[in-house]
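Written out below as structure tokens is the structure these notes cover.
Values in this document were obtained by computation on a predicted structure and should not be read as measured data. Throughout, residue positions are numbered sequentially from 1 according to the sequence presented. In what follows, every heavy atom counts, from backbone to side chain, and hydrogens, waters and symmetry copies are set aside. Each ligand, and each atom within it, is numbered from 1 in the order the structure gives.
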Amino acid sequence: MQREQWGSRAGFILAAVGSAVGLGNIWRFPYMAYENGGGAFFIPYLFAMLTAGIPFMIMEFGLGKKLRGSSPVVFSKLNTKFEWLGWFQVLIAATIGIYYVAVIGWAISYFGFSFGQDWGTDTNAFFFADYLKLGENSPTNLGDWQWHIAIPMIIAWAITFAAVFRGVKGGIEKASKIMMPLLFIMVLLLIGRVVMLPGALDGLNYLFSPDFSKLTDASVWSAAYGQIFFTLSVGFAIMLAYSSYLPEKSDVNNNALMTVLINCGFSIVAGVLIFSILGYMAAEQSKGITDVVSGGVGLAFVTLPAAINLLPIPYILGPLFFLALVVAGLSSHISIIEAVTSSIMDKLNVTRQKAAIAVCGVGFVVSMAFATNGGLLLLDLVDYFVNNVALLTSCLLELIVVGWLVKLSDIRQYVNRVSEFNVGQWMEICIRFISPIMLAVILVKNLIDTFN
Ligand code: PHE
Ligand code: NA
């Protein structure tokens, strides 16, 4: 049977950008930038983008397109000894897919609350006690089932399932063509309103004013590299699967460059959005900006709802923000589930429909562990392990296999054959030396931190 193909170049780029642009851009990036030296973070971030992000994306697009398969197929075609690395990546993708959907579920709930700011004034108590039911924090009730969390998660699974079930062109590409323009329009509308608020500029000043002393801090560089791999969805089966549906004539180098630049540009735009809001909030409450900033889950579900309470027309800006979060998350979730589904299809020779039912069915059941009031604790645990250990290990192994154990120059020649511009030798230097060395250092550092 002929492999499915993307219908157009724009369709492929929107799908790849849909995967890359996700929850990570909206709440992770702004906080990382702020924490790691503000404006000075952009130096390590851009360095990581150039030395790791772009070469890695070109390499994955090239491998997927050339070898026409999902991650286990790609690695086994490189050398049958490496097929396990493909499955390891699929396992990571599946794990991310199972907890990522919980955060999307929360965002769907909050989209509902945002029309009337149902979270009230104490958004912290609302999130932890009323929504997640962690109020008493009694360990005995951690397994209690929560329908109000399960139902939005079921909605998220249904949308992902519909896209993956219908296939590359009729499902994923179509969904991306609706979701991505919608996301960009929503974010632009939000920005257009919030940058004019009093205090917004103070927020931006905070985000962008560089603290150059942080540049000598190894953890800042580590944060930048970690963020680049996560944000670009490279190293765990996703971009390999997406690029395996590229038509013969597609320009890999150009597509990879577009995907990376759009994603990283979006992150900066999201940073402007979030910090304008935080600056306004600080001004309204006559506090310093450091007193209102928080990271991770707390930023999206505690701080921003409190900020939305203070905004003009909160019943419009609130739903816009949470719908943007939902759309960004869903398009990434679709890519994660596609990576798993395509691997099952390729290796077990089953139809897409059967594979999609099996993957979404099992994924759905396992993910329901997050619809209990132990969900947040479990999520923190899994998220920490995946981001700090599994993901970096997988990227490092992939760089070693592709950079050292097969002929990397063949891949470079292959991608240069149909391209408007050629990638030079620098790509091989980045893939063989710079990126793996940086990753190895970060990984060792994370492992030491974990056990300390
Ligand atoms: N790149 C996505 C983000 O920034 C995260 C993601 C992780 C997407 C894993 C797909 C797979 O949020
Ligand atoms: Na991203």
Side-chain angles (χ1 to χ4, degrees), residues 14-33 45 48-49 52-53 56-57 60 70-71 88-104 106-107 156 160 163-164 172 175-176 179-180 183 187 223-243 256 259-271 274 295-297 299-300 324-343 359 363 367 379 382-395 398:
L14 288 175
V17 168
S19 172
V21 169
L23 303 172
N25 304 57
I26 299 182
W27 53 246
R28 199 163 185 267
F29 173 81
Y31 178 69
M32 296 286 272
Y45 183 77
M49 183 186 97
F56 210 120
M57 191 68 82
E60 285 214 337
S70 50
S71 188
F88 177 60
Q89 297 191 334
V90 171
L91 186 69
I92 298 180
T95 310
I96 297 178
I98 284 161
Y99 78 80
Y100 208 78
V101 74
V103 185
I104 301 173
W106 301 348
T160 298
V164 174
I172 301 170
S176 310
M179 287 178 167
M180 289 300 106
L183 176 63
V187 168
Y225 272 83
Q227 176 66 11
I228 279 292
F229 288 107
F230 185 80
T231 192
L232 294 177
S233 313
V234 289
F236 36 104
I238 290 171
M239 292 303 181
L240 288 176
Y242 269 17
S243 55
T259 306
V260 173
L261 294 181
I262 296 175
N263 174 70
C264 296
F266 185 91
S267 283
I268 295 174
V269 170
I274 302 277
V297 171
L299 177 63
L325 204 58
V326 170
V327 169
L330 275 175
S331 52
S332 295
H333 193 241
I334 290 172
S335 74
I336 303 170
I337 299 307
E338 171 61 18
V340 182
T341 304
S342 66
S343 305
V359 170
S367 73
L379 193 135
V382 179
D383 184 61
Y384 180 85
F385 178 75
V386 166
N387 278 320
N388 293 291
V389 183
L391 213 131
L392 300 180
T393 307
S394 167
C395 290
E398 181 170 331

Original post:
Is it the side chain, the backbone, both or neither of Phe230 that has a heavy atom closer than 4.0 Å to ligand 1?
Top reply: both
Subject >> Sub-4.0 Å atoms of ligand 1 with respect to non-hydrogen atoms of Leu23 >> reply: 12 (O)
All N/O donor-acceptor pairs, side-chain side in residues 90-101, below 3.5 Å, sequence neighbours left out:
{"residue": "Thr95", "atom": "OG1", "partner": "Leu91", "partner atom": "O", "Å": "2.7"}
{"residue": "Tyr99", "atom": "OH", "partner": "Asp383", "partner atom": "OD1", "Å": "2.8"}
{"residue": "Tyr100", "atom": "OH", "partner": "Leu23", "partner atom": "N", "Å": "3.0"}

**OP:** Kindly say whether Gly235 contributes a backbone atom to a donor-acceptor pair with the side chain of Gln89 at under 3.5 angstrom?
**Re:** yes
Original post:
Would you say Phe236 touches ligand 1, if touching means a heavy atom closer than 4.0 Å?
Top reply: yes
**OP:** Kindly confirm or rule out an N or O of Gly24 lying under 3.5 angstrom from an N or O of ligand 1.
**Re:** yes
Subject >> Contacting atoms of ligand 1, where contact means under 4.0 angstrom from a heavy atom of Ile96 >> reply: 9 (C)
Subject >> All side chain to side chain contact (heavy atoms under 4.5 Å, CB included) counterparts of Val269, not counting sequence neighbours >> reply: Val187, Ile191
**OP:** Answer whether the closest heavy-atom distance between the side chains of Thr160 and Ile336 falls below 4.5 Å.
**Re:** no
Original post:
Is any N or O atom of Tyr100, backbone or side chain, closer than 3.5 Å to an N or O atom of ligand 1?
Top reply: yes
**OP:** For residues Met180 and Ser331, report the shortest heavy-atom separation together with the two atoms involved.
**Re:** CE-OG, 3.2 Å
Original post:
Asn388 side chain to Phe385 main-chain N or O, any donor-acceptor pair under 3.5 Å?
Top reply: no
**OP:** Taking the side chain as every heavy atom from C-beta outward, state whether Ser342 and Val164 have any pair of such atoms under 4.5 Å apart.
**Re:** no
Original post:
If you count the atoms of ligand 1 from 1 in the order shown, which ones are under 4.0 Å from a heavy atom of Asn25?
Top reply: 3 (C), 4 (O)
Original post:
Is any N or O atom of Ser233, backbone or side chain, closer than 3.5 Å to an N or O atom of ligand 1?
Top reply: yes
**OP:** Have a look at Ser19, Ala237, Ala20 and point out the one with the heavy atom closest to atom 3 (C) of ligand 1.
**Re:** Ala20
Subject >> Numbered atoms and elements of ligand 1 in range of Ile238, under 4.0 angstrom, heavy atoms >> reply: 10 (C), 11 (C)
